[in-house]
Q: 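Take this structure, written in structure tokens, and hold onto it; I'll ask about it next.
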There are 2 protein chains.
Amino acid sequence: MSCSSRLTPVLRRTIAPCLLRSANASNCVPCAARRISSTATRRLRTSPRRCAKFTTDTYPEIKRDPRFAQITKEHVAFFRELLGKDSALVDGVTADVSLEDMEPYNGDWMRKYRGHCKLVLKPGSTEEVSKILKYCNDNMLAVVPQGGNTGLVGGSIPVFDEIVVNTSRMNKIRFFDEVSGVLVADAGVILEVADQFLAEKGYIFPLDLGAKGSCHIGGNVATNAGGLRLLRYGSLHGTVLGIEAVLPDGTIVDDLGRLRKNNTGYDLKQLFIGGEGTIGMITAVSIHCPQRPKAVNVAYLGAESYEQLQQAFREAKNHLSEILSAFEMMDSYSQDLVYKVRQNKRLLEGEYPFYCLIETSGSNPTHDSEKLEAFLDQLMTEGIVSDGVVAQDETQIKSMWAQREGVPECLGHWGGVYKYDVSIPLSDLYRLVDETRERIEKAGLKGDTDEFPVVEVAGYGHMGDSNLHLNVAVRRYDKRVEEVLEPFVYEWISKVNGSISAEHGLGIAKKNYIGFSRSETMINLMKQIKALYDPNGIMNPYKYL
Amino acid sequence: MSCSSRLTPVLRRTIAPCLLRSANASNCVPCAARRISSTATRRLRTSPRRCAKFTTDTYPEIKRDPRFAQITKEHVAFFRELLGKDSALVDGVTADVSLEDMEPYNGDWMRKYRGHCKLVLKPGSTEEVSKILKYCNDNMLAVVPQGGNTGLVGGSIPVFDEIVVNTSRMNKIRFFDEVSGVLVADAGVILEVADQFLAEKGYIFPLDLGAKGSCHIGGNVATNAGGLRLLRYGSLHGTVLGIEAVLPDGTIVDDLGRLRKNNTGYDLKQLFIGGEGTIGMITAVSIHCPQRPKAVNVAYLGAESYEQLQQAFREAKNHLSEILSAFEMMDSYSQDLVYKVRQNKRLLEGEYPFYCLIETSGSNPTHDSEKLEAFLDQLMTEGIVSDGVVAQDETQIKSMWAQREGVPECLGHWGGVYKYDVSIPLSDLYRLVDETRERIEKAGLKGDTDEFPVVEVAGYGHMGDSNLHLNVAVRRYDKRVEEVLEPFVYEWISKVNGSISAEHGLGIAKKNYIGFSRSETMINLMKQIKALYDPNGIMNPYKYL
């Protein structure tokens, strides 16, 4: 083992895991895999060869809403005047703009969605956003709010010729209080930038995810991103203290409070958290940030069954309790694919049907190590896991996280991935992967050679949050695979009262399937809200509901 | 010192604080003061001598909305038929019901609010609530949803003859998952009952407050109660996973999800959290409960200044971090009053201008004690606090908490209390108490003899959440005191961007002051929501907005 010590001997001596002081804590959370992802994103975006099919071709049943106006020279002139500087527009209406220049706003990094947008606006202030939306609303111009464009369900990609309003120029940190840990920042601040800023102050952003190098915090909040730290720091519905947003009629929702407790009326900001830009556009966020942990430990374990993983999770909650910050599950299929693509050495000598990555984040390195040691000792003594390694330094922490975070990218190695991001009660969670694999195999769609569309069916995810990523890696997208998968997967989830979208949102990918997770009553109530705030339907049309 | 050891010697030897295993953890959270409160509540309610003024006399400007129907015999007959059993109604319309029998539903324990309600309904199911509300909506009968009636702003007390719909018969725990810690329970389950149920499973309700022996969890959620554990477990907006509620038209909002992650549409349940029963009535709650801590430690410290308390708080976040579960501030005025009323021995030998109570809750008694010791050591070494004690057993923990939780009751000893529950940025927090005291003294309203209305001006609260309780203890309610206090307090809070209601809500007490914490835009958006869900305005009228 080049990068980790064996668990068994580790358990017989004092564990001396990677101890990270807050000074360098910004480097302690594993970012290797993430950085690869964002580099990959950039590469894909600028490679015309790999342009996706137009969303309008993938979904021919979606028709352009004839109520929306076509963008004219006069409209562009208004925006040009408003924004003042040329760099704040990408104007494919009146100017000759190359496909490459427009592509980053028209396509997603997964190459699943691609729009026909010809005008991108980059406002520099909330007031500009307000004027843009009001003008669009008055002139029936459809709009797509867009942040770092790292979503997985096509939520930030236009379908037809909607105007993209991009937050990249709104990227200032407005306020930080070193006693309370409250951060107020523009929607366009990149998550990693916010986290690095906080690291210097001894704080941490209460959200972490693979796309942190590119995603905007406004987009994180608009999609109610879950990610890696939810288990420890809770959901954005709890940590976001305030929001500034603009409604389609230009109204500025000035709900940017900085207080942890404020019971003065309906908590309207919550509608924008996970609203995916369909009722308004978030322009700033106020969020409560916890102390940055001084110690981070990571262990990577192999288990013989999913039942054993559940036992391990119960023990982790019991032993690690307040310092448990991640409990990630990976099946052998997902891990084997990573080794195959990256050609790296296995973290464990043996091979197991299941693996988990466990992270602790706490304030006292010695205490955390003792807790982890006691936990691992029990797992080994009771035979709950078969083997494991504990990271001894930051490099090893990164390697272990790369083995988990590298899964999505490596799954895409052969061409494409059918991705399902779902919540399922823990006891049933992995059964969906098994049954899906069985169906795919029965249909004769999976094999080692090019004639079979499916390479592998893999399951992994945030087990601590009952959040499974069911992924089907394919050589090409194929109608037969789709027919085996859908509506099967959604019906299955509906039966166990799961959620068809745990953290990725609805976007265009899941708008037709919300009925599997929500009742008719709830959907109607949601439509009421949409009609209330966006009666003309200009905000992010063709998606969500 | 009868109940605690001196801090100084404690710091020189190994601290051996109260170590509580989960088996008896249900007893470890101090309930003494709370039980006194709920006993007091019952006593006050059934004592006609202490009946409050009618709210209609206190607020003569509020007129009965003539659109609402008077309750007739036919209405009562409908409800009697629907609910089936006599004990599910308190019928002062067609039957002869004593004032005493009606009083618990018409008055609050603070004796500040009193209504003219003549009909109380106690539905036993969500379907019954649905039929009741639909009937009321169709017949323009106004309704007040009511739980344990422990609120402080008159939110659950009728003003005129509104029908009280009380949740006391809806008191079943519907579901609990021992792996995920998700609890689903009826709205009428008493908080302490829920917490005791959880204690047996090794879990804890993520909310704790003085009224736990009486308050209903539906009411807790409807008022977005904050309480004592918010610092550790976050707000209900983050921990509540699902809600079942009934809209005035009888629609059952079936949003009772049990998943930590579910991004399928607008998070409508959030509108009911803190909605104070004005858009619908909560009938059940699904909530994520954390592991019950195995160790609880409490320290009680004296400091020379508010600045020192702030320093202590910063150090607590740094040293205690993930195990810090309460940081409560009390000024000398609030503590002196408790000693005066209860005649108990002082916890510290000396007297100090400020005190704080610090609680840790963690999974490892030894680790927690070490963290606490290091923290206290630093405070003493650097002279941040002057003296302090650490509880050595459960009895001492209770005594210390009683010293904090007894404040509201003891302040009421002389007759009444003007209470302000506000959020203020930490650096400014205590200044409001000083300036208020100054104004009261300048106006000649405070003194030791009966001719002065004001006994004392005291400040205490959840410093960890920037939540101050500014209380003015009086011998009698007096217009002159009110004029000195208001709008001064609200204007002051508005200037520092605080909240006029941190955790108690708006009710009738603060409906006219919301403008000090919310913009015209926000208030208008809230009114839109009210109009959307309750177009007839039958839900909890005369309050909130």
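Throughout, a chain's letter reflects where its sequence line sits, starting with A, and its residues are numbered from 1.
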Q: With a 4.5 Å cut-off on heavy-atom pairs, point out which of Glu503(B), Arg314(B), His319(B) contacts chain A the most.
A: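 Going by pairs under 4.5 Å, I would pick Glu503(B).
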Q: Which bit of Leu545(A) is near chain B, if near means a heavy-atom gap under 4.5 Å: side chain, backbone, both or neither?
A: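 The side chain, not the backbone.
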Q: Under 6.0 Å between ring centres: does that hold for Tyr420(A) and Tyr490(A)?
A: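 Ring centres of Tyr490(A) and Tyr420(A) closer than 6.0 Å.
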Q: If I measure from the heavy atoms of chain B, does Asn318(A) come under 4.5 Å with its side chain, its backbone, both, or neither?
A: both
Q: Please state whether the side chain, the backbone, both or neither of Leu426(A) comes within less than 4.5 Å of a heavy atom of chain B.
A: side chain
Q: Between chain A and each of Ile279(B), Thr251(B), Ile523(B), Leu236(B), count heavy-atom pairs under 4.5 Å; write down the option with the most.
A: Ile279(B)
Q: What part of Asp465(A) is in contact with chain B, defined as an atom under 4.5 angstrom from a non-hydrogen atom: side chain, backbone, both or neither?
A: both
Q: For His504(B) and Asn263(A), test the side chains for any donor-to-acceptor distance below 3.5 angstrom and give the result as yes or no.
A: no
Q: Tell me, for Asn467(B) versus chain A, whether the close heavy atoms (under 4.5 Å) come from the side chain, the backbone, both or neither.
A: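 Contact with chain A is through the side chain of Asn467(B) alone.
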Q: Under a 4.5 Å heavy-atom cut-off, does chain A meet the side chain of Tyr513(B), its backbone, both or neither?
A: neither
Q: I'd like to know which of Glu276(B), Glu370(B), Arg258(B), Lys269(B) tops the heavy-atom pair count under 4.5 Å against chain A.
A: Glu370(B)
Q: Got a second to check how far Glu322(A)'s CD is from Leu324(B)'s CG, nearest 0.5 Å?
A: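 Interatomic distance, Glu322(A) CD to Leu324(B) CG, rounded to 0.5 Å: 12.0 Å.
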Q: If you count heavy-atom pairs under 4.5 Å between each of Phe313(A), Tyr544(A), Tyr533(A) and chain B, which one has the most?
A: Tyr544(A)
Q: Tell me, for His462(B) versus chain A, whether the close heavy atoms (under 4.5 Å) come from the side chain, the backbone, both or neither.
A: side chain
Q: Does any heavy atom of chain B fall under 4.5 Å from the side chain of Lys510(A), the backbone, both, or neither of them?
A: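 When you check distances to chain B, no heavy atom of Lys510(A) falls under 4.5 Å.
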Q: Tell me, for Ile514(B) versus chain A, whether the close heavy atoms (under 4.5 Å) come from the side chain, the backbone, both or neither.
A: side chain
Q: Side-chain contact, heavy-atom cut-off 4.5 Å: Met463(A) with Leu309(A)?
A: yes
Q: Report which part of Gln291(B) has an atom under 4.5 Å of a heavy atom belonging to chain A: side chain, backbone, both, or neither.
A: side chain
Q: Do you know which of Arg260(B), Gln270(B), Arg232(B), Gln528(B) has the most heavy-atom pairs under 4.5 Å to chain A?
A: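 So the answer, after comparing Arg260(B), Gln270(B), Arg232(B), Gln528(B), is Gln270(B).
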Q: Sort Thr223(A) into side chain, backbone, both or neither according to what part of it lies under 4.5 angstrom from a heavy atom of chain B.
A: backbone
Q: Answer with side chain, backbone, both or neither: which region of Leu259(A) has an atom nearer than 4.5 Å to a non-hydrogen atom of chain B?
A: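 Answer is side chain: those atoms of Leu259(A) sit under 4.5 Å from chain B.
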Q: Can a salt bridge be assigned to the pair Arg518(B) and Asp255(A) using a cut-off of 4.0 Å between side-chain N and carboxylate O?
A: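 Yes, charged N to carboxylate O under 4.0 Å.
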Q: Where does Tyr203(A) contact chain B at under 4.5 Å (heavy atoms): side chain, backbone, both or neither?
A: side chain
Q: Does any heavy atom of chain A fall under 4.5 Å from the side chain of Ser180(B), the backbone, both, or neither of them?
A: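 Ser180(B) touches chain A through backbone heavy atoms alone.
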